[in-house]
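Just so we're on the same page: letters track the sequence lines, and every chain starts at 1. Just so it is clear, the model here is predicted, and its values are computed rather than measured.
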Amino acid sequence: MKISSWNVNSVRARLDNIKNYIEISEPDILFLQEIKTEEKNFPFDFFKDLKFECHVNGQKAYNGVSILSKKKLINIETNIVKDNLNQARYISSDIKFGKNLIKLVNVYVPNGNPINTLKYDYKLNWLSNFTKLIEKIKKNYEFLIIGGDFNIIPEDIDVHDPNRYKNDALFLPEVREYYKKFIQMGLIDIFREKHPNTIEYSFWDYFANSFKRNNGMRIDHFFITEAIRKKVKSISINKKPRSKIKPSDHTPIELIIT
DNA sequence: ATGGCCGAGATCCTCGGA
C-alpha cells in the first residue's frame, strides 16, 4: 500500500498536476494539505473518476486538508486539535490493513512566520496541542502513521542554507524541539532513518529559481510507530511533480508498506 | 539587506505562504 503526502497549494489550481501524479505514481492513499477551498467546492467528482473517495476538512482560501483513498476509510475525524482560530489543519481516519487497524493522521502545521508575532505564538501553541493529541492517540493505536506538512526543518542537513534560516519559524530551536518530542515519544522520521545522510528536499519556494538551484528544505514528513516500521518497504521524496508546469511549491513524499 | 512568485478573493490590491 502506497501512502503519499503532498502540500498541493490549492487543490483546484492543481487538478491536472494531481491527476498526472496519481496516474504515474499510483498512490492508494493521498494526504493533501493546503487545499484552499471549502468542502462544498471540493472536486469530489474529479477524484471519484480516478477511483478515490475523498474526506475533506476545508475552509475558504486558506489551509484545508483532505484524505483521498482507493480503500474504504472509517472513523473520519477533523479539527480535534485544540485551536483558538479553528483553522482546517487536521484530518484523520482508520483503515483496516490485514488484521490490524491503522490510524492515519494528515496534518498541516502552521507556518509561524514572521517570528515575534501572534502567528509564531499560534504555531507554538498549535504544535503543543497537536503533540498532546498525538500522545493520546498513540496510547490507543499501535499502528500509527502521521504525514503532512510539519513546517519544521529538523536539522541543518534538511535546508540548503541553515544560517539563513536560523531565525526562521521553521528552524528555531523551540520549533525543532517539537520534532525532537515526536522522536522521544517513540515516533520515527522514517525518511531520515532510511536515508540517514541524504540531502533531499520536499519544498522549494517559487522565488529566484529556487528549484533549479535546489534551494529547498525538507519540511514534509512521515512519522510512524515501531509497529509500522516493520512493515515499511520504502520511503522516498518524488521530485518530479515540482518540475511540472504550474507546480505546487511542495512535492510528494511517498511511503510504501507491505 | 531585499525581493523574487503564486493562489484566493475581493477589487486592479491584500493577505498568506516558507
Would you say [X] places a side-chain N or O within less than 4.0 Å of OP1 or OP2 belonging to [N]?
{"X": "A:K36", "N": "B:dG16", "value": "no"}
{"X": "A:R12", "N": "B:dG9", "value": "yes"}
{"X": "A:H250", "N": "B:dA18", "value": "yes"}
{"X": "A:R164", "N": "B:dA1", "value": "no"}
{"X": "A:N151", "N": "B:dA18", "value": "yes"}
{"X": "A:N7", "N": "B:dA18", "value": "yes"}

Using atom [atom1] in both nucleotides, what's the gap between [N] and [M] to the nearest angstrom?
{"N": "B:dC5", "M": "B:dA10", "atom1": "P", "value": "25 Å"}
{"N": "B:dT2", "M": "B:dC13", "atom1": "P", "value": "24 Å"}
{"N": "B:dA1", "M": "B:dT11", "atom1": "C1'", "value": "32 Å"}
{"N": "B:dC12", "M": "B:dA18", "atom1": "P", "value": "27 Å"}

So that I can tick it off, tell me whether A:D28 and A:K70 are bridged by a salt bridge, with the cut-off set at under 4.0 angstrom between side-chain N and carboxylate O.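 No, this pair does not count.
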
Strictly below 4.0 Å, N to O, side chains only: are A:E53 and A:K71 in salt-bridge contact?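 Salt bridge: no.
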
Just the rounded figure in Å: distance from [atom2] of [N] to [atom1] of [X].
{"X": "A:R89", "N": "B:dG16", "atom1": "CZ", "atom2": "C1'", "value": "10 Å"}
{"X": "A:K40", "N": "B:dG9", "atom1": "NZ", "atom2": "P", "value": "10 Å"}
{"X": "A:N41", "N": "B:dG9", "atom1": "CG", "atom2": "P", "value": "8 Å"}
{"X": "A:I153", "N": "B:dG17", "atom1": "CD1", "atom2": "P", "value": "15 Å"}
{"X": "A:I219", "N": "B:dG17", "atom1": "CD1", "atom2": "P", "value": "12 Å"}
{"X": "A:L170", "N": "B:dA18", "atom1": "CG", "atom2": "P", "value": "7 Å"}
{"X": "A:L172", "N": "B:dA18", "atom1": "CG", "atom2": "P", "value": "16 Å"}
{"X": "A:Q33", "N": "B:dA18", "atom1": "CD", "atom2": "C1'", "value": "14 Å"}

Only pairs at least two apart or in different chains count here, so list each side-chain hydrogen bond (donor to acceptor under 3.5 Å, both in side chains) that has a residue in residues 232-249 of chain A. A:N238-A:E254

Kindly state each residue pair satisfying side-chain hydrogen bond (donor to acceptor under 3.5 Å, both in side chains) with at least one member in residues 184-196 of chain A, sequence neighbours excluded.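 Listed once each, the pairs are A:D158-A:R192, A:Y179-A:D189, A:D189-A:R218, A:E193-A:R229.
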
Short question: side chain of A:Q33, backbone of A:N7 - any donor-acceptor pair under 3.5 Å?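 Between the backbone of A:N7 and the side chain of A:Q33 there is a qualifying donor-acceptor contact (under 3.5 Å).
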
With a distance cut-off below 6.0 Å to the six-membered ring centre and an angular limit of 45° from the axis, does A:K123 pair with A:Y120 as a cation-pi contact?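 No, A:K123 and A:Y120 do not form such a contact.
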
With sugar-phosphate meaning primed atoms plus P, OP1 and OP2, does [X] contact a base, only sugar-phosphate, or nothing at under 4.0 Å between heavy atoms?
{"X": "A:D149", "result": "sugar-phosphate"}
{"X": "A:D205", "result": "nothing"}
{"X": "A:Y165", "result": "nothing"}

Hey, would you say the A:F42 and A:F44 ring centroids sit under 6.0 Å apart?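 Between A:F42 and A:F44, the centre distance is under 6.0 Å.
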
Pairwise 5' ranking along DNA chain B for A:E38 and A:D249, keeping only the more 5' one: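 Taking each residue's closest nucleotide, the earlier one in sequence belongs to A:E38.
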
By nearest nucleotide on DNA chain B, pick out whichever of A:Y108 and A:I35 is the more 5' one.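 Its nearest nucleotide lies further toward 5', so the answer is A:I35.
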
Give a yes-or-no answer on whether the side chains of A:Y21 and A:S4 include a donor-acceptor pair shorter than 3.5 Å.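 Yes, side-chain donor-acceptor contact under 3.5 Å.
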
Short of 4.0 Å, heavy atom to strand atom, which residues of residues 56-67 of chain A count as contacting DNA chain B?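 Going residue by residue through residues 56-67 of chain A, the ones with a heavy atom under 4.0 Å of DNA chain B turn out to be A:K60, A:A61, A:Y62.
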
Closest to the A:E34 side chain: B:dA18, B:dG7, B:dG4? B:dA18

